[in-house]
Amino acid sequence: MKRILVIRLSALGDVAILVPVLKHRAAVCPDCLFLVAAPPLLAPLFHGVDNIQFVGTPKASPRELFRTLSAYRPDCVADMHWVNRTIGMDFLFRLHGVPVSRIHKRNHRGKPSWKRYDEVFDRLGLPSSAKLEAESRCYLAPKPLSAIQAVIGIAPFAQHRGKIWPEPNIKQLLALLGHRQDVRVLLFGSKAESSTLETWALPYDNIQSVAGKLSFKQELDQIAQLDVMVSMDSANMHFASCLGIPVVSIWGATHPQSGFYGWRQHPSWAVGLEMDCRPCSKYGKKPCQFGDYRCLTGIAAQQVYDRVLQVVGFS
């Protein structure tokens, strides 16, 4: 069995984008074993695929990383990360006669990340999946409501300030949803964010925070039961996308057309303002040139609320 080392050391959302690509490749290459060097936390996203195996991702020098991963005896390497650590490691693999293909990060002109991942496998000469391309053009359909209440998830945080909808706007959305009898809201976040989310949920009987209370697998199980997720341009958008859940996503400094939109999410579900200054950042790291993040503060809670109701079929 051919052993293919697939490397994406971080971040969580970028690994999640890899999920549909790797599952399709595994299906058309049953004689290949895909060894995934990625955060072990995300292994549940790949469950059910026999020829995908997670391996270690030590925080180490390129030489130490090479020593660790070469122990799995890969026949070729798919570098989906291409940072300094993996560049040095790639060189060592090539030096030992192992073919390496890497992602092209520059001049991709908004090409979706999943497509750039898929092209790495093409350059290794692996059979491609026609179903992947077809599926990418088939947008998710809202789930038919099967209960009296629609279950709405909200993941209000992201890694960078340029991606985070301001607290007053989020609280206004919670107030609009918190007075409805026909919805139940679950707030998602990290353990560090749990106290904030508990405070936000406190005034409402139908809003509950699950932050810091669940394992990652349990959190995915909760997301899979949602009717819609409200998320920033963050990992939670990609987790929900992997599970086939519609996402109303909120965009500020970044833009869906930069290549990082959720898998199979309908373009109309992305909420953002048309402004001359955006997108100003590919990853949301750059500080706002005006200092007020008007691309985010200007997104009204009512606009997001209306979009959520539209997706769940209440409008």
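Every heavy atom of this structure was used, including side-chain atoms; hydrogens, water molecules and symmetry mates were not.
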Judged by atom type as modelled, is there a donor-acceptor pair below 3.5 Å linking the side chain of [X] to the main-chain atoms of [Y]?
| X | Y | answer |
| --- | --- | --- |
| Lys286 | Cys280 | yes |
| Arg307 | Ser249 | no |
| Asn169 | Ile299 | yes |
| Ser101 | Val120 | yes |
| Lys105 | His81 | yes |

| query | Stepwise, does the salt bridge (Lys or Arg N to Asp or Glu O under 4.0 Å) test hold for Asp122 with Arg25? | reply | CA-CA 10 Å; Asp122 287 340; Arg25 287 286 179 164; 2.5 Å; yes
Answer yes if [X] and [Y] sit in the same cluster of Ile, Leu, Val, Met, Phe, Trp and Tyr residues linked by side chain heavy atoms under 4.5 Å apart, and no otherwise.
| X | Y | value |
| --- | --- | --- |
| Leu92 | Ile87 | no |
| Leu140 | Val311 | yes |
| Val100 | Leu18 | no |
| Met80 | Leu5 | no |
| Val55 | Val15 | no |

Gap separating the [atom1] atom of [X] from the [atom2] atom of [Y], nearest 0.5 angstrom:
| X | Y | atom1 | atom2 | answer |
| --- | --- | --- | --- | --- |
| Lys285 | Gln159 | NZ | CD | 7.0 Å |
| Leu187 | Ile152 | CG | CD1 | 11.0 Å |
| Ile7 | Met89 | CD1 | CE | 3.0 Å |
| Phe93 | Asp79 | CZ | CG | 10.0 Å |
| Ile17 | Tyr117 | CD1 | OH | 5.5 Å |
| Asp205 | Gln181 | CG | CD | 9.0 Å |

Side-chain contact test, heavy atoms from C-beta onward, threshold under 4.5 Å: evaluate it for [X] versus [Y] and give yes or no.
| X | Y | value |
| --- | --- | --- |
| His255 | Arg278 | yes |
| Trp82 | His104 | no |
| Leu12 | Phe216 | no |
| Pro246 | Trp269 | yes |
| Phe239 | Asn236 | yes |
| Cys138 | Arg264 | yes |
| Leu197 | Pro156 | yes |
| Val210 | Phe188 | yes |

Would you name the heavy atoms of [X] and [Y] that are closest together and state the gap between them?
| X | Y | answer |
| --- | --- | --- |
| Lys163 | Ala158 | CB-CB, 3.7 Å |
| Ser231 | Val247 | CB-CG1, 4.0 Å |
| Cys277 | Phe290 | SG-CE1, 3.9 Å |
| Gly178 | Ile207 | CA-CD1, 4.0 Å |
| Ile164 | Leu296 | O-CD1, 3.3 Å |
| Cys295 | Met275 | CA-SD, 3.5 Å |

Should the ring pair [X] and [Y] be called parallel, tilted or perpendicular, given that the plane angle runs from 0 to 90° and is split at 30 and 60?
| X | Y | answer |
| --- | --- | --- |
| Tyr261 | Trp251 | tilted |
| His179 | Tyr204 | perpendicular |
| Trp114 | Trp263 | perpendicular |

Anything under 3.5 Å between a donor and an acceptor, one on a side chain of residues 27-51, the other on a protein residue two or more places apart or in another chain? List them.
unit_1: Asn51; atom_1: ND2; unit_2: Ala26; atom_2: O; d: 3.0
unit_1: Asn51; atom_1: ND2; unit_2: Cys29; atom_2: O; d: 3.2
unit_1: Asn51; atom_1: ND2; unit_2: Cys32; atom_2: O; d: 3.1

| Asp306 and Gln310: side chain donor to acceptor below 3.5 Å | no
| Arg294 side chain to Thr297 side chain, donor-acceptor N/O pair below 3.5 angstrom | no
| task | State which residue, out of Glu193, Glu198, Glu219, fulfils the salt bridge (charged side-chain N to carboxylate O under 4.0 Å, His left out) condition with Lys213. | result | Glu198
In plain terms, say whether [X] and [Y] are close enough for a salt bridge, that is, a side-chain N and a carboxylate O under 4.0 Å apart.
| X | Y | answer |
| --- | --- | --- |
| Arg94 | Asp90 | no |
| Lys2 | Asp75 | no |
| Lys115 | Glu119 | no |

